[in-house]
Amino acid sequence: MNYWLIKSEPDAFSIDDLKRDKITSWEGVRNYQARNNLRAMEKGDLALFYHSSTNPTGVVGVAKVVVTALPDKTQFDTKGEYYDKKSTPEKPIWYCPDFAFVEKFKSIVTLEDMKKDKKLAGILVAQRGSRLSVQPVSKEHFEYIRALGTKG
DNA sequence: GCCAACGTTGGC
DNA sequence: GCCAACGTTGGC
């Protein structure tokens, strides 16, 4: 059982979109480190859902891995924005798991909150220049942030 | 919209 | 395989 943080721009795909769709394939990640994290995810793992490039930025809910990583079909779509000409169905480069909606927080746990909180010292997302869109999170940090968000 | 951080690409 | 140039992310 591992814990993660996944970033999404709410204009592209928000926690409300996940709530509506119930399940989504986490397609379009084109960063090797993020992909490696996606491939390391196991069924039942939980992820903090983070809204980036919005005001305020922060964790807005929780998602659960329901299907482990399979080849991301968008890499083969020659007309799509995620097409990768170096990838083939025989040797796919990019993989994505499916996430299910778990909950939306009563209140957002903002990046500012996380940076200030001594209990969250060392959390990747609050580190300067942390661009990685799929990050591991410790169990302690996960549960602490979830408690902050759900208590409202 | 700016720009720091940092990943990727490609020439050598 | 180094590294400069370039592109992207994402907070502000």
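All heavy atoms count here, side chains included; hydrogens, waters and symmetry mates do not. In what follows, every chain begins at residue 1, and chains take the letters A, B, ... in the order their sequences are listed.
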Report summary line: Interatomic distance, CD@E140(A) vs CD1@I145(A), rounded to 0.5 Å, equals 11.5 Å
**Report entry** Non-neighbouring partners of H141(A) that pass ring pair (Phe, Tyr, Trp, His ring centres under 6.0 Å), sequence neighbours left out
**Finding:** none
Query raised in the report: Which residues pass the side-chain hydrogen bond (donor to acceptor under 3.5 Å, both in side chains) test with W94(A), sequence neighbours left out?
Result: D84(A)
Query raised in the report: Got a sec, which residues hit side-chain hydrogen bond (donor to acceptor under 3.5 Å, both in side chains) with K19(A), two or more places apart in sequence or on another chain?
Result: none
Requested in this report: Let me see the working for D21(A) and T24(A) under side chain to side chain donor-acceptor pair (under 3.5 Å), right down to the final yes or no.
Outcome: CA-CA 7 Å; D21(A) 295 350; T24(A) 192; 5.2 Å; no
Requested in this report: Specify the residues of residues 105-115 of chain A, ordered by number, for which at least one heavy atom lies under 4.0 angstrom from an atom of DNA chain C.
Outcome: L111(A), K115(A)
Pair up each side-chain donor or acceptor in residues 37-51 of chain A with any protein partner under 3.5 Å, not counting sequence neighbours, and list the distances.
residue, atom, partner, partner atom, Å
N37(A), ND2, V134(A), O, 2.6
D45(A), OD1, N2(A), N, 2.9
D45(A), OD2, W4(A), NE1, 3.0
D45(A), OD2, E42(A), N, 3.0
H51(A), NE2, I15(A), N, 3.1

Query raised in the report: Is the closest side-chain donor-acceptor distance between S130(A) and Q135(A) under 3.5 Å?
Result: yes
Query raised in the report: Going 5' to 3' along DNA chain B, which nucleotides are the first and last within contact of chain A (any atom under 4.0 Å from a heavy atom)?
Result: dA4(B) to dT9(B)
